[in-house]
Amino acid sequence: MSGQPQATGAVSNPVIPGFHPDPSICRVGEDYYLVNSSFEYFPGIPVFHSRDLVNWTQIGNALDRPSQLRLPRDMPSSAGIYAPTLRHHDGRFWLIVTNVGSSGNVLFTATDPAGPWSDPLPLPGVPGIDPDLAWDEDGTCWCTVAGISQLRLDPVTGQTLSEPEKTWSGAPGAQAPEAPHLYRIGDHWYLLIAEGGTERGHCVSIARAESPTGPFEPCPANPILTHRSTHHPIQNTGHADLVQGPDGSWWMVLLGVRPGGGTPGWHVLGRETFLVPVSWVDGWPVVGELSLEMPAPGWPLTPVPEAPARDDFDEAELHPRWISVRERPAELCTTKERSGWLTLHAAGASPDEPDLVFVGRRQQHLSCRVRTLLDPAAGRGGLVVRLDEQHHYEIEADAQQVKVFARIGPLRTEVAARPLPAGPVVLGVDIVQDPPREARSGPDLLSFGIEEPDGTFTVLGTLEGRYLSTEVAGGFTGRVVGMYAAAGTVHFDWFDYEPQPSS
Ligand code: 6LW
């Protein structure tokens with residue numbers, strides 16, 4: 001996945017493109033592991049592995065059993081799983097996270113980050129969001145949360161051993177001090193935070209102390225990373241975590257977005273995971289240049305093969321890249337009913353519904369081509385590009401006809417309709433980045449259509465992408481594209497996702 005070495009010797013950022021926000025990273029020997037927030041999607045918390053910090057492979061989802069993750073139907077989109085911290089301590093991986101709108105702060109452990117992960121350990125005494133874990137020399141476990149406050153935690157029982165106490169909350173008056181990570185580096189304890197809100201004002205700041213509890217001295221150069229008030233193509237930079245490279249150099253992973261189009265700039269892929277080098281001057285971290293192409297790090301890269309364009313659904317288990325909305329009941333979503341096909345049985349009657357039976361993947365490229373072969377003989381279903389229940393475009397077929405729909409906020413409209421011959425049909429969407437031609441254009445166009453028997457693609461409707469952007473829809477997620485059933489039973493033989501060159 002991404003980070004592909006370029007001919008120039010540079011590597012591309014984001015290293016994990018698409019809706020992969022709030023990265024938390026840890027290193028064990030030669031291996032790096034990274035996790036992200038996943039909000040209303042199940043399975044939750046994608047887990048990635050790398051040997052070089054640049055090339056990442058998804059090895060699982062930490063929360064892949066209903067006993068680990070309950071996302072109630074009345075839980076709005078962009079609630080659910082927020083901002084995990086991943087750490088390795090005492091021979092185990094520790095994952096602390098907030099389930100907003102459900103179980104609050106919870107802790108999971110595993111010996112292998114690919115899973116299985118434990119069932120959740122409730123942390124009733126840990127308030128707020130964005131929990132972090134750090135252990136000091138005498139084994140005390142410090143839990144730090146957004147705000148920023150800190151308490152002592154017994155991570156085995158989940159009991160809190162002290163009341164939360166404010167530590168350091170960033171620049172006076174700055175909004176949303178959050179995403180804390182506490183580290184022992186050299187002679188100091190460092191408290192890394194994000195502030196300024198997760199929109200254009202987002203930034204990363206740091207303070208240090210002699211002890212894990214402070215008093216913390218802010219870095220005179222704060223914020224140590226921000227792209228606010230710039231034309232930089234990577235915006236909203238923040239929510240970072242620090243790690244050492246194979247050669248002892250220091251690196252930061254963080255979230256950023258790539259807005260496109262005219263004013264105000266719309267980002268459609270959600271918040272993505274970027275990588276940037278860090279050096280140390282006078283005991284303070286200095287963040288290097290964050291760019292879409294950065295010089296390759298000074299160690300051998302181990303490129304990973306790009307995912308094949310086609311998923312044939314020939315395996316019993318779905319690849320971890322496939323996610324569903326809130327839950328994935330095995331009786332409604334299965335590869336075992338019709339061999340070589342993914343079968344979906346409808347619950348919710350359209351992508352407006354929180355119980356939609358849906359299997360999709362994150363859109364990870366600004367331009368891409370998506371196709372799926374669907375058999376609607378016994379139902380109605382389709383291909384949807386989804387930001388949330390109120391913001392989605394879809395092409396939907398039943399045994400007689402195919403229709404294109406758009407839902408934008410409270411408005412739902414039928415964009416196109418056409419009769420269909422009997423039999424399976426290839427539905428598709430071409431998503432094409434639309435460079436700004438004028439102040440109000442862009443950021444992309446989505447053309448929905450069907451593939452004719454001779455292979456040509458007939459476009460039934462082209463829609464502007466901005467309405468499926470975070471700037472329009474709000475929230476914390478990004479686009480997910482996938483298959484759904486809206487009535488009866490719908491079978492999908494395969495699903496193609498192919499990145500296309502972008503301008
Ligand atoms: C997360 C907070 C943030 O809890 O957004 O960008 C929130 N940072 O730290 C949701 O991801």
Side-chain angles (χ1 to χ4, degrees), residues 14 16 18-25 34-41 44-46 62-63 71 75-86 95-106 123 126-133 143-150 168-171 174-182 191-206 223-228 234-242 252-259 267 269-274 276 290 323 362 387-388 470-471 473-480:
I16 307 181
F19 154 44
H20 291 106
D22 307 331
S24 178
I25 190 167
L34 185 150
V35 292
N36 301 102
S37 303
S38 50
F39 303 95
E40 74 264 32
Y41 290 95
I45 310 191
L63 312 185
L71 298 165
M75 189 206 75
S77 122
S78 279
I81 293 296
Y82 276 40
T85 294
L86 178 66
L95 184 60
I96 188 169
V97 67
T98 318
N99 187 342
V100 174
S102 184
S103 47
N105 287 305
V106 281
L123 304 173
V126 176
I129 59 167
D130 298 359
D132 173 72
L133 292 178
C143 178
T144 313
V145 295
I148 302 283
S149 48
Q150 185 190 59
W168 171 68
S169 296
Q175 64 160 296
E178 59 188 7
H181 291 305
L182 181 68
L191 179 57
L192 184 77
I193 68 163
E195 52 183 328
T198 194
E199 302 81 23
R200 294 294 190 270
H202 214 198
C203 58
V204 181
S205 297
I206 198 162
I224 58 171
L225 171 63
T226 188
H227 284 177
R228 66 193 181 199
I234 308 168
Q235 289 290 323
N236 304 23
T237 51
H239 204 120
D241 201 0
L242 291 169
M252 179 184 274
V253 288
L254 69 143
L255 71 75
V257 306
R258 292 181 282 168
H267 78 274
L269 300 187
R271 301 169 300 162
E272 310 178 273
T273 291
F274 291 83
V276 66
L290 171 60
I323 52 177
R362 293 157 173 92
L387 207 60
D388 59 30
T470 300
E471 282 73 11
F476 296 125
T477 62
R479 282 193 197 153
V480 177

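When reading the values below, keep in mind they use all heavy atoms of this one structure, side chains included, and skip hydrogens, waters and symmetry mates. Because the structure is predicted, anything quoted here is derived from the model rather than measured. Indexing begins at 1, ligand by ligand and atom by atom, following the structure's order.
- If you run side-chain contact (heavy atoms from CB on, under 4.5 Å) between Leu255 and each of His20, Arg271, Glu272, only Arg271 comes through.
- A donor-acceptor pair shorter than 3.5 Å cannot be found between the side chains of His202 and Asn236.
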Between ligand 1 and the protein, tabulate every N or O atom pair separated by less than 3.5 Å, reporting distance only.
from, atom 1, to, atom 2, distance (Å)
ligand 1, 4 (O), Asp130, OD1, 2.5
ligand 1, 5 (O), Arg271, NH1, 3.2
ligand 1, 6 (O), Thr198, OG1, 2.7
ligand 1, 6 (O), Arg271, NH1, 3.1
ligand 1, 8 (N), Glu178, OE2, 3.2
ligand 1, 8 (N), His239, ND1, 3.2
ligand 1, 9 (O), Asp130, OD1, 3.4
ligand 1, 9 (O), Asp130, OD2, 2.5
ligand 1, 9 (O), His239, ND1, 2.9
ligand 1, 11 (O), Asp22, OD1, 3.4
ligand 1, 11 (O), Asp22, OD2, 2.5
ligand 1, 11 (O), Arg271, NH1, 3.4
ligand 1, 11 (O), Arg271, NH2, 2.7

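- Scored by the ring-ring contact (aromatic ring centres under 6.0 Å, His included) test, Phe274 finds no partners at all (sequence neighbours excluded).
- Counting only heavy atoms from C-beta outward, the side chains of Asp22 and Asn36 never approach each other to under 4.5 Å.
- For Ala473, the side-chain contact (heavy atoms from CB on, under 4.5 Å) partners two or more places apart in sequence, or in a different chain, are Leu387, Asp388, His391.
- Taking the salt bridge (Lys or Arg N to Asp or Glu O under 4.0 Å) definition, one finds that Asp130 meets it with nothing, sequence neighbours left out.
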